[in-house]
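Here's the structure we're looking at; comments come further down.
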Protein chains: 2
Amino acid sequence: MSASEQTNWQSVHDEVLRRIHTREWKPGDQIPKEVELAEQLGCARATVNRALRELAAEGFLDRRRKAGTRVATHPVRRAKLDIPVIRLEIEGRGQKYGYGLLLTERRTPTPEICANLGVSAKSDMLHISSLHLADGKPYMFEERWVSIDTVPEIVDADLSKISANEWLVLHAPYTKGDISFSAVLASELEAKILRTHAGAPLFLMERTTWENDAGITSARLLFAPGYRMHSAI
Amino acid sequence: MSASEQTNWQSVHDEVLRRIHTREWKPGDQIPKEVELAEQLGCARATVNRALRELAAEGFLDRRRKAGTRVATHPVRRAKLDIPVIRLEIEGRGQKYGYGLLLTERRTPTPEICANLGVSAKSDMLHISSLHLADGKPYMFEERWVSIDTVPEIVDADLSKISANEWLVLHAPYTKGDISFSAVLASELEAKILRTHAGAPLFLMERTTWENDAGITSARLLFAPGYRMHSAI
DNA sequence: TAGTGGTCTAGACCACGGT
DNA sequence: CCGTGGTCTAGACCACTAA
């Protein structure tokens, strides 16, 4: 405690976390106010503030003006999922990335897609199906709709060379996005594409993005059997 | 720019994000250094630093000493998943939470659990099966192993009243955790418990936690068909 | 209304890492 | 080496909110 030489915000962070872990401060307990902690630990209040702010963001503390800082009673753990471009995810594991464009068509969207993106049924959209491979094996089947109204440049992109996902990342930044995960059964067609059998359990990721309420894209990403998404908490 | 009245770190954050979104600053571009931005926006360098630090944490910027700050070329999106206690997740949606303990037994773990937790095959563990309900319907089936060596107090807990998950949150804080998500098929037993049919696609969440390399618990959480986990990005 | 966290400032020094 | 971000400090004022 007082004997520590280094008094940077990280050491304060770690010290507070230690006291929580050792149950010196229990869930629900009020901890000393910033000024007191700063005195105890021999640093400026701003330093303590930085440490406690991060701990609150990590879910370990609840802070409220006037009420003080308390150890979270139900430490909501926040898993941070990095959602990289698929190519980088595969290459990052040392596998060879492959990509195949299966279909592109320009047409009006299905009612479901309209609802997702919040666009009219007459929207001009690009429908893209593609397959991503890892070491030559099917890895993920992507079905995507892109709003041509919002991103007109997409019609000039060569989507046989660069995946729609990657093109969009570079050319159409979004301001808002939704992502969801679930489990589904492979249909006949999906099974064929992913080289598995109908009825196999597939991990499904659905993403929709907007630029200031203008729908950009809605995608359905179906991963081959055996896929696991993981993270540290 | 100069006309803005409010110059807090959030306005700097938003202004920089705006310049990225409007492609005034494109992926890979170097942006002005902190001192320059502080001058431009009429605030202290610390304020700019705070804003840019958050943007870097959000994945929009890459920052390196001496090399300066650049717009991220592949904006890795970070989805923040809140992993609350199941009871709160259900109650938070306004549904009635129910819980039933199916089985507890004290025994040595399976080889798979040993591998997950990194413990010996002779460990003293508690094996717990339970079912969580939302509005009376099966919601999640939990199968959990808890190390009695690491958390001896668990044997005195009344797990018919409080779920092991919730008990652990209150009494056994962890320092490290893994979480993974995948899709599996329901077995006969699992189908019966979740009141569905064998072969249904189920969303599986697996969690393992440690306290300084001492394994605490490993859990397999099987969600009823139709479960979707989602998040904003 | 008063106490607590939230933030800003100006200045300083440090640490990393291009050149 | 030396420029850039990373951090600390002391002090100040503000904003929220419990009492």
Side-chain angles (χ1 to χ4, degrees), chain A residues 1-17 19-20 25-73 75-76 78, chain B residues 1-17 19-20 25 27-73 75-76:
Chain A
M1 27 159 288
S2 48
S4 54
E5 320 300 329
Q6 279 277 51
T7 324
N8 47 29
W9 73 266
Q10 291 205 14
S11 68
V12 175
H13 175 282
D14 293 348
E15 171 60 15
V16 171
L17 203 47
R19 294 190 188 178
I20 294 174
W25 293 338
K26 301 193 185 63
D29 283 2
Q30 183 163 359
I31 77 172
K33 56 194 82 167
E34 293 189 348
V35 189
E36 291 174 15
L37 263 184
E39 271 178 42
Q40 280 183 34
L41 302 173
C43 62
R45 179 167 83 98
T47 307
V48 172
N49 180 278
R50 169 83 188 266
L52 297 189
R53 194 203 317 143
E54 306 258 339
L55 283 163
E58 292 164 48
F60 293 106
L61 296 176
D62 283 336
R63 319 193 72 198
R64 264 165 26 221
R65 283 157 156 144
K66 170 78 179 178
T69 300
R70 292 174 178 279
V71 178
T73 47
V76 172
R78 308 214 160 90
Chain B
M1 25 160 287
S2 49
S4 54
E5 319 300 330
Q6 279 277 50
T7 323
N8 48 30
W9 72 266
Q10 292 205 14
S11 69
V12 175
H13 175 282
D14 293 348
E15 171 61 15
V16 170
L17 204 47
R19 294 189 189 179
I20 294 174
W25 294 336
D29 283 3
Q30 182 163 0
I31 77 173
K33 56 194 82 167
E34 293 189 347
V35 188
E36 292 174 14
L37 262 183
E39 272 178 41
Q40 281 184 33
L41 302 172
C43 63
R45 179 167 83 97
T47 306
V48 172
N49 180 278
R50 170 83 187 265
L52 298 189
R53 192 201 321 141
E54 305 258 340
L55 284 163
E58 292 166 49
F60 293 107
L61 296 176
D62 283 335
R63 319 194 70 197
R64 261 160 32 214
R65 284 159 155 139
K66 170 76 181 180
T69 299
R70 294 174 176 279
V71 179
T73 47
V76 172

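Reminder, nothing fancy here: chain letters follow the sequence lines and each chain counts from 1.
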From [X] atom [atom1] to [Y] atom [atom2], the distance as rounded to the nearest 0.5 Å:
X: Leu17(B); Y: Trp25(B); atom1: CG; atom2: CH2; result: 10.5 Å
X: Asn49(A); Y: Leu37(A); atom1: CG; atom2: CG; result: 11.5 Å
X: Leu61(A); Y: Leu55(A); atom1: CG; atom2: CG; result: 5.0 Å
X: Thr47(B); Y: Leu52(B); atom1: OG1; atom2: CG; result: 10.5 Å

In whole angstrom, give the distance that lies between atom [atom1] of [X] and atom [atom2] of [N].
X: Asn8(B); N: dG5(C); atom1: CG; atom2: P; value: 21 Å
X: Asp62(A); N: dT4(C); atom1: CG; atom2: C1'; value: 15 Å
X: His13(A); N: dC8(D); atom1: NE2; atom2: C1'; value: 18 Å
X: Gln10(A); N: dC8(D); atom1: CD; atom2: C1'; value: 13 Å
X: Lys33(A); N: dA18(D); atom1: NZ; atom2: P; value: 16 Å
X: Glu34(A); N: dA12(D); atom1: CD; atom2: P; value: 17 Å
X: Glu39(B); N: dG11(C); atom1: CD; atom2: P; value: 13 Å
X: Gln30(B); N: dG3(D); atom1: CD; atom2: P; value: 14 Å

Checklist line | Per-nucleotide protein contact string for nucleotides 13-19 of chain C, where B marks a base within reach and S marks sugar-phosphate only (heavy atoms under 4.0 Å, - for neither) | finding: --BBBB-
Next item on the list: Verify, without hydrogens or angle tests, whether Glu36(B) (side chain) and Ile31(B) (backbone) share a donor-acceptor contact under 3.5 angstrom.
Entry: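 Looks like no, no N/O pair under 3.5 Å.
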Next item on the list: Select from Cys43(B) and Pro32(A) the residue whose nearest nucleotide in DNA chain C is closer to the 5' end of that strand.
Entry: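 Result: Pro32(A).
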For [X] versus [Y], what's the shortest heavy-atom pair and its separation?
X: Arg19(A); Y: Leu41(A); result: NH2-CD2, 4.3 Å
X: Ala72(B); Y: Pro27(B); result: O-CB, 3.7 Å
X: Trp9(A); Y: Ala51(A); result: O-CB, 3.4 Å

Item checked: For Glu54(A), all residues meeting salt bridge (Lys or Arg N to Asp or Glu O under 4.0 Å), sequence neighbours excluded ->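 With sequence neighbours excluded, Glu54(A) shows a salt bridge (Lys or Arg N to Asp or Glu O under 4.0 Å) to Arg50(A), given in chain and number order.
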Next item on the list: List in numerical order all residues of residues 46-60 of chain B for which some heavy atom is under 4.0 Å away from an atom belonging to DNA chain D.
Entry: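 Result for residues 46-60 of chain B: Asn49(B), sorted by number.
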Checklist line | side-chain N/O Arg63(A) vs dG6(C) OP1/OP2, d < 4.0 Å | finding: yes
